[in-house]
Amino acid sequence: MKPLPVPERLTKNRFLLDEEQCNIEVNQEIARASGTGKLLVACCPAHVYTEEPDGTISVEYAACLECGTCLAIAAPGALKWHYPRGGFGVQFREG
Ligand code: SF4
């Protein structure tokens with residue numbers, strides 16, 4: 001069986017959104033001052049982060065792949081991130 005290319009694999013994912021609890025919170029002040037906001041926008045593979053015209057970073061956490069990249073690149077205090085509660089979040093169906 002031939003493995004699927006990554007973009008096709010990602011389309012197989014399913015997400016169960018926890019509407020009561022967002023697992024990502026950006027400290028706008030620290031993100032702006034440290035340049036973390038622009039890094040988040042550039043590095044998140046799921047395009048969870050967008051920068052608004054006023055510089056605010058918006059979060060669309062429903063698409064989070066739980067890869068941890070944002071945690072690795074964020075300046076201290078700029079980001080609060082935790083895994084979704086049990087049963088919620090991404091389900092990988094193709095590895
Ligand atoms: S964990 Fe990965 S997919 Fe989720 S917001 Fe961070 S960088 Fe994006």
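For reference, positions follow the sequence shown, starting with 1. All ligand and atom numbering here is 1-based and tracks the order in the structure.
- Checking side-chain atoms of Y83 against main-chain N and O of G89 turns up no donor-acceptor pair under 3.5 Å.
- The shortest distance between side-chain heavy atoms of I73 and T36 does not fall below 4.5 Å.
- Among protein heavy atoms, atom 3 (S) of ligand 1 sits closest to L65 N, 3.2 Å.
- Contact atoms of ligand 1 toward Y49: 5 (S) (distance under 4.0 Å to a heavy atom of the residue).
- No more than 12 heavy atoms of other residues, nucleotides or ligands shown are found within 6.0 angstrom of CD on E29.
- A 4.5 Å side-chain heavy-atom check between V26 and W81 finds every atom pair outside the cut-off.
- If you check which protein heavy atom lies closest to atom 2 (Fe) of ligand 1, you get C67 SG, 2.3 Å.
- Here is the list of ligand 1 atoms found below 4.0 Å of a heavy atom in G68: 1 (S), 2 (Fe).
- Counting backbone and side-chain atoms alike, C64 contributes an N/O/S atom closer than 2.8 Å to atom 4 (Fe) of ligand 1.
- Residue contacts with ligand 1 for Y61 are absent, since no atom lies close enough (heavy atoms, distance under 4.0 Å).
- Between T56 and R32, some side-chain heavy-atom pair lies under the 4.5 Å cut-off.
- Among all protein heavy atoms, the one lying closest to atom 8 (Fe) of ligand 1 is C44 SG, 2.3 Å.
- The W81 neighbourhood of ligand 1 comprises atoms 1 (S), with distances under 4.0 Å to a heavy atom of that residue.
- For the atom pair H82 NE2 and I24 CD1, the distance stands at 9.0 Å (nearest 0.5 Å).
- Taking a cut-off of under 4.0 Å to the non-hydrogen atoms of I24, the atoms of ligand 1 that pass are 5 (S).
- When the shell of 6.0 Å around CD of E20 is examined, it contains 12 or fewer heavy atoms from other residues, nucleotides or ligands.
- The distance from ligand 1 to the heavy atoms of C70 drops below 4.0 Å at these ligand atoms: 1 (S), 5 (S), 6 (Fe), 7 (S).
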